[in-house]
Colleague: 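Dropping a structure here in structure tokens format, bear with me for questions.
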Amino acid sequence: MVVAAHAEAVTVRYYPVAPGYQVNVRSGPGTGYSVVRVLPEGSKVPIYCQTPGTSVTGPYGTSNIWDNVSNGQYVSDAYVNTGSDGYVADRCS
């Protein structure tokens with residue numbers, strides 16, 4: 001009997017970036033990491049996981065939470081409208 005491997009059914013939510021902002025996407029969770037691309041105004045980003053990093057002040061307050069939006073790509077949570085000041089996704093491992 002063949003049993004299919006159980007795939008995790010993780011729903012990835014997309015969140016809007018603060019209106020009127022172009023947001024830097026960095027190679028790590030902090031302002032000391034290089035900018036790998038810039039999100040245009042009106043972007044929505046997936047949050048795969050979140051991790052603490054450099055504290056940043058943005059339109060949604062000051063936060064040290066960084067959102068993993070792609071493999072090796074992070075944006076400051078202070079620029080993403082998650083509706084929360086805390087974690088809304090699992091911690092990155």
Side-chain angles (χ1 to χ4, degrees):
M1 184 170 129
V2 176
V3 178
H6 176 70
E8 283 188 50
V10 176
T11 302
V12 174
R13 288 194 53 198
Y14 281 74
Y15 297 90
V17 169
Y21 286 89
Q22 293 180 339
V23 178
N24 290 333
V25 179
R26 295 184 179 271
S27 61
T31 54
Y33 291 90
S34 62
V35 175
V36 294
R37 62 188 171 111
V38 177
L39 297 173
E41 288 183 38
S43 293
K44 287 191 173 191
V45 294
I47 298 178
Y48 295 103
C49 62
Q50 295 176 299
T51 191
T54 307
S55 188
V56 171
T57 299
Y60 298 118
T62 300
S63 177
N64 72 336
I65 298 172
W66 285 74
D67 305 330
N68 175 255
V69 298
S70 186
N71 191 19
Q73 297 185 10
Y74 296 83
V75 297
S76 169
D77 196 62
Y79 285 90
V80 180
N81 184 4
T82 62
S84 170
D85 288 338
Y87 287 85
V88 296
D90 291 340
R91 294 279 185 113
C92 301
S93 51

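Values below: every heavy atom of this structure, side chains too, minus hydrogens, waters and symmetry copies. Fair warning: this is a prediction, and the values are worked out from it, not measured in the lab. Note that the numbering runs from 1 along the sequence shown for the chain.
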Colleague: Report the distance from atom CG of Asn64 to atom OG1 of Thr51, rounding to the nearest 0.5 Å.
Modeller: 9.0 Å
Colleague: Donor-acceptor pair, distance only, cut-off 3.5 Å: does the side chain of Ser63 make one with the backbone of Asp77?
Modeller: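 Answer holds: no.
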Colleague: Just checking, is any N or O donor in the side chain of Arg37 or Gln73 under 3.5 Å from an acceptor N or O on the other one?
Modeller: yes
Colleague: Should we say atom CG of Asp85 is surrounded by more than 12 heavy atoms from elsewhere, each under 6.0 Å from it?
Modeller: no
Colleague: How long is the gap from CG on Asp90 to SG on Cys49, to the nearest 0.5 Å?
Modeller: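 Separation between the atoms: 8.0 Å.
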Colleague: Do Ile47 and Val88 have side chains that approach each other closer than 4.5 Å (heavy atoms only, starting at C-beta)?
Modeller: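 Yes; the side chains approach each other to less than 4.5 Å.
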Colleague: When rounded to the nearest 0.5 angstrom, what distance separates OG in Ser76 from CG in Asp67?
Modeller: 7.5 Å
Colleague: Which heavy atom of Pro59 sits nearest a heavy atom of Ala18, and at what distance?
Modeller: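 Nearest pair, atom of Pro59 first, then Ala18: CG-CB, 3.3 Å.
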Colleague: Got a second to check how far Thr82's OG1 is from Tyr15's OH, nearest 0.5 Å?
Modeller: 6.5 Å
Colleague: Hey, could you give me each pair passing ring-ring contact (aromatic ring centres under 6.0 Å, His included) that has a residue in residues 67-93? Not counting sequence neighbours.
Modeller: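 Residue pairs with at least one partner in residues 67-93: Tyr21-Tyr79.
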Colleague: Could you tell me the separation between the CD1 atom of Ile65 and the CD atom of Gln50, rounded to the nearest 0.5 Å?
Modeller: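 Here the interatomic distance stands at 5.5 Å.
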Colleague: Got a sec, which residues hit side chain to side chain donor-acceptor pair (under 3.5 Å) with Ser27, two or more places apart in sequence or on another chain?
Modeller: Ser34
Colleague: Check whether any side-chain heavy atom of Val69 sits under 4.5 Å from a side-chain heavy atom of Val25, and report yes or no.
Modeller: yes
Colleague: Is there a path of hydrophobic side-chain contacts, each under 4.5 Å between heavy atoms of I/L/V/M/F/W/Y residues, joining Trp66 to Val36?
Modeller: yes
